[in-house]
Amino acid sequence: MASRNWGIIGGGIMGMTLAHRLSQAGHKATIFESAPEVGGLVSSWKMDDVEWDKFYHVILLSDFRTRNILKDIGLDDKIEWVETKTGFYINGKLYSMSDTIEFLKFPTLNLIDKFRLGLTIIVASKIKNWKKLEKIPVTQWLKKWSGNNTYNKIWLPLLRAKLGESYKKTSAVFIWATIQRLYGARRSGLKKEMFGFVIGGYKTVIQSFKKTLIDEGVIIKTNYTAKEVISSNNNKPQINFTNGLCEQFDEVIVTLPASIAAKLCTSLSAAEINRLNNIEYLGVICVAVLLDKPISNFYITNITDSEIPFTGIIEMSALVNKKYLGGKSLVYLPKYVVDKDPLFNEPDEAIKKYFINNFKKMYPWLTDDNIKFAGVARAKHVITVAKLDYSEMLQGVKTSMPHVYIVNTSHIKDGTLNVNETVKVAETKLEEILN
Ligand SMILES: Cc1cc2nc3c(=O)[nH]c(=O)nc-3n(C[C@H](O)[C@H](O)[C@H](O)COP(=O)(O)OP(=O)(O)OC[C@H]3O[C@@H](n4cnc5c(N)ncnc54)[C@H](O)[C@@H]3O)c2cc1C
């Protein structure tokens, strides 16, 4: 395609990657972001005297697309790789599950259950054709391979924690993709899985990415909220903004969640709007806590206890050296909920109290004196629910509006939500559009 002028709505990783690849291909690109800064879900905030991501982020050795972007923006030598440990909180007790011996010692499952759990992971990691799994409910697939006992004691609480009640309509692709991601490094020939982070967190990434884009000639307009995309008389799509301004482009890409894209693009067909509105999202409410000491040596503590309101505990400082966190420990307490969940209407103070009281139940030595900061981050559209036949129901990137495209994370059909998959969608869908 000859050089065109592109407008991109949304300045998250998706919008930034699209702009980067477009300008590398000789096109002009402008990003419009409603927030005062680009970054979206990878944005950072100040917690006491520490600035780090609002939501936790980790990079895997097998995240080759993310690592390519980091190379492009000059940060590939700023990643630190660490071997981390995983914990489980079951019936009020914490257990380590980081190696084979710990796995064999793991309580609540007998040897046969453990064998079947291990087998399920091996089977999932060997499957190449995920399309077949789209037709099978995740509950059915897990019960088949793991048996009822392991399903009820391990998988069901984990599914509930990650998907809320939406697990009932989720296909087996979800668990397949999760296992594939965790075993990706081994599949790709890397000896062991390690988790990585960029020194300074995603703030460093966004700053360098933004600088690279500006050097490439990309225009970034923040505090610009798109109100609608219309087809103008001269066949050029036009973006109208809430500040009363409007701009026309040769091509427009919307990177916002499906239902928002449906509202924004005014003359889509009823079938397109239906397909976009059919995509269900889970949101997240995440309490970040800064402590004066560590709580464990686990990066992730999975919680199978239904009494605890959050999904798990992510102890960022088990990965990130505390020297980058002002000597403190940083812990995230996330809860995944549907966007209509009443918890979204609760004030921050109530959520903090609810989460921290339960956090203290898990760690009875913890007092308010140990807590140096606690803050609530929320996002309503985070993970799409991978329902049965999900990929069949998706709206393609091309729309019936001339030169208007919708590219967002709902296009992740065979992966979990992460930056690497977001970059993959941006790169592959852009290739599709340009060809
Ligand atoms: C709790 C949590 C944990 C995660 N953990 C990891 C992890 O460990 N590793 C990993 O790789 N990934 C992780 N991710 C995923 C990662 O953050 C996402 O894959 C990625 O940030 C998605 O980028 P995006 O551009 O698609 O969406 P977004 O970041 O949501 O970008 C959309 C942008 O559009 C803007 N916008 C919205 N409406 C308008 C409008 N009308 N006009 C203009 N702009 C608008 C928004 O402000 C936003 O900046 C995690 C995410 C969450 C929430």
Side-chain angles (χ1 to χ4, degrees), residues 7-19 30-44 53-60 62-67 69-70 84 162 181-182 184 195-198 201-202 205-206 209 220-229 239-243 245 247 252-261 263-265 281-288 299-300 310-312 314 316 319-320 332-337 376-384 406-412 415-426 429:
I8 297 167
I9 304 177
I13 291 291
M14 184 74 81
M16 295 176 89
T17 307
L18 286 166
T30 305
I31 295 176
F32 297 100
E33 166 57 48
S34 57
E37 251 318 327
V38 284
L41 291 174
V42 301
S43 301
S44 57
D53 307 8
K54 273 190 171 180
F55 299 110
Y56 47 95
H57 285 95
V58 72
I59 303 167
L60 268 57
S62 49
D63 285 346
F64 296 114
R65 288 184 190 257
T66 305
R67 293 173 66 189
I69 292 280
L70 293 176
T84 60
K162 196 76 187 174
R181 176 159 169 81
L182 291 175
F195 282 180
F197 67 95
V198 171
Y202 261 91
V205 176
I206 291 303
F209 207 168
I220 298 176
K221 295 193 176 181
T222 53
N223 291 313
Y224 264 71
T225 302
K227 190 173 72 175
E228 56 183 4
V229 181
I239 312 174
N240 295 337
F241 299 96
T242 52
N243 58 11
L245 300 173
E247 291 198 31
V252 164
I253 308 183
V254 181
T255 72
L256 312 187
S259 57
I260 300 177
K263 280 197 197 105
L264 215 62
C265 302
Y281 282 83
L282 284 176
V284 70
I285 293 175
C286 187
V287 176
Y299 172 67
I300 299 176
F310 32 91
T311 310
I314 314 295
M316 205 66 211
L319 168 70
V320 177
Y332 294 91
L333 311 173
K335 179 172 174 65
Y336 291 88
V337 278
V376 182
R378 333 161 174 236
K380 280 201 169 170
H381 300 96
V382 177
I383 306 173
T384 53
I406 298 172
V407 180
N408 58 30
T409 51
S410 74
H411 289 110
I412 302 173
T416 57
L417 177 87
N418 56 67
V419 168
N420 198 63
E421 288 292 333
T422 306
V423 172
K424 182 178 166 191
V425 168
K429 295 299 170 190

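For the numbers below, each heavy atom of this structure counts, side chains included, while hydrogens, waters and symmetry mates do not. Fair warning: this is a prediction, and the values are worked out from it, not measured in the lab. Read the numbers this way: they start at 1 and go in the same order the structure lists the ligands and their atoms.
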Between V419 and ligand 1, which residue portion shows a heavy-atom distance shorter than 4.0 Å: side chain, backbone, both, or neither? both
What residue and atom, counting heavy atoms only, is the protein's closest point to atom 52 (C) of ligand 1, and at what distance? F55 CB, 4.0 Å
Salt bridge between D63 and K424, side-chain N to carboxylate O under 4.0 Å? no
Nearest to atom 15 (C) of ligand 1, what protein heavy atom do you find, and at what distance? L417 CD2, 3.7 Å
Donor-acceptor check, side chain of D53 to backbone of Y56, threshold 3.5 angstrom: yes or no? no
Does the protein place a non-hydrogen atom closer than 4.0 angstrom to atom 25 (O) of ligand 1? yes
Identity of the nearest option to atom 35 (C) of ligand 1, non-hydrogen atoms only, from M16, E421, R378, E33: E33
Out of all atoms in ligand 1, which are within 4.0 Å of some heavy atom of N418? Include the element for each. 10 (C), 11 (O), 12 (N), 15 (C), 19 (O)
Please determine if R181 and E421 form a salt bridge, counting it only when a charged side-chain N lies under 4.0 Å from a carboxylate O. no
Straight-line distance of L41 CG to H57 NE2, nearest 0.5 Å: 6.5 Å
of all protein heavy atoms, closest to atom 32 (C) of ligand 1 is G12 N, 4.3 Å
One residue to check: Y56. Relative to ligand 1, which of side chain, backbone, both or neither has a non-hydrogen atom less than 4.0 Å away? both
For the atom pair CD (E247) and CZ (F32), what is the distance rounded to the nearest 0.5 Å? 4.0 Å
Of all residues at least two apart in sequence or in a different chain, which pass the side-chain hydrogen bond (donor to acceptor under 3.5 Å, both in side chains) check with Y224? none
Considering K54, H57, M14, which one's heavy-atom position lies nearest to atom 14 (N) of ligand 1? H57
Give the contacting part of D63 toward ligand 1: side chain, backbone, both or neither, where contact means a heavy-atom distance below 4.0 Å. neither
Can you name the atoms of ligand 1, numbered from 1 with element, that are less than 4.0 Å from a heavy atom of G40? 29 (O), 48 (C), 49 (O)
With heavy atoms only and a cut-off of under 4.0 Å, state how F241 meets ligand 1: side chain, backbone, both or neither. neither
Taking only heavy atoms of V382, which atoms of ligand 1 are found under 4.0 Å from at least one of them? 53 (C)
If you take all heavy atoms of T255 and N408, which pair is closest and at what distance? O-CB, 3.5 Å
So how far is it from L282 CG to K380 NZ, rounded to the nearest 0.5 Å? 13.5 Å
Please report the interatomic distance CD1(I383) to CD1(I412), rounded to the nearest 0.5 Å. 9.5 Å
What residue and atom, counting heavy atoms only, is the protein's closest point to atom 20 (C) of ligand 1, and at what distance? T422 OG1, 3.9 Å
